[in-house]
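So the structure is just underneath, and the comments pick up after that.
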Amino acid sequence: MNGVSGGAAEPGELTLEGLRQRLVEFAAARRWEPYHTPKNLAAALSVEAGELLEIFQWLTPEQAAAVMSDPERAHRVRDEIADVLAYLVQFCTAVGVDPLEALAAKIERNEHRFPVPDEGADVNPDVD
């Protein structure tokens, strides 16, 4: 995948490309490649996103905003974020998509699709 690292990394510096390579090597060492199909990785990504959602499922907005102040819940949130990101990176590898390029292109499309509103404009006209 092109451009994933965003430039040369210093030794020990975390990059998306470095983490992607670690995931590839991790799966290869365990001979998991046959299971890392786009369908399976998309399903795993969905499951992990659901596990992240589960942490917040019955919380009030105030409780949800304070989740990271509880060490046990904060640890769970970080773990689920890691799982979601790992499966997303593995999915991108399987389908040959550079996630940083895809995100940059999507942001650009959204900037055109959703222009900045004029000063004083109602930003949610459908909400009463």
pair Arg20-Glu17: side-chain heavy atoms closer than 4.5 Å: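 A side-chain contact under 4.5 Å exists here.
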With the side chain counted from C-beta on, respond yes when Val24 and Thr93 share a heavy-atom pair under 4.5 Å apart, and no when they do not. yes
Hey, could you give me the CG/SG distance between Leu23 and Cys92, rounded to the nearest 0.5 Å?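 It is 11.5 Å, given to the nearest 0.5 Å.
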Gln63: what forms a side chain to side chain donor-acceptor pair (under 3.5 Å) with it, not counting sequence neighbours? Thr60
Give me each pair satisfying ring-ring contact (aromatic ring centres under 6.0 Å, His included) with a member in residues 68-113, each pair once, sequence neighbours excluded.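 Non-adjacent pairs meeting ring-ring contact (aromatic ring centres under 6.0 Å, His included): zero.
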Taking the six-membered ring of Phe26, is the NZ or CZ of Arg22 close enough (under 6.0 Å from the centre) and on axis enough (within 45°)?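 No, Arg22 and Phe26 do not form such a contact.
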Please name the pair of heavy atoms, one in His36 and one in Ala94, separated by the smallest distance, quoted to 0.1 Å.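 Residues His36 and Ala94, closest heavy atoms: O-CB, 4.0 Å.
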Taking all heavy atoms of Gln90 and all of Leu41, pick out the closest pair and write down the distance.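 Taking every non-hydrogen atom into account, O-CD1, 3.5 Å.
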Can you confirm whether more than 12 heavy atoms, excluding those of [X], are under 6.0 Å from its [atom1] atom?
| X | atom1 | value |
| --- | --- | --- |
| Gln57 | CD | yes |
| Glu72 | CD | no |
| Arg30 | CZ | yes |

Which residues end up grouped with Val67 if you chain together Ile, Leu, Val, Met, Phe, Trp and Tyr wherever their side-chain heavy atoms are less than 4.5 Å apart?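 Direct or chained contacts put Val67 with Leu52, Ile55, Phe56, Leu59, Met68, Val77, Ile81.
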Main chain of Glu48, side chain of Asp83: is a donor-acceptor contact present, judged purely on distance under 3.5 Å? no
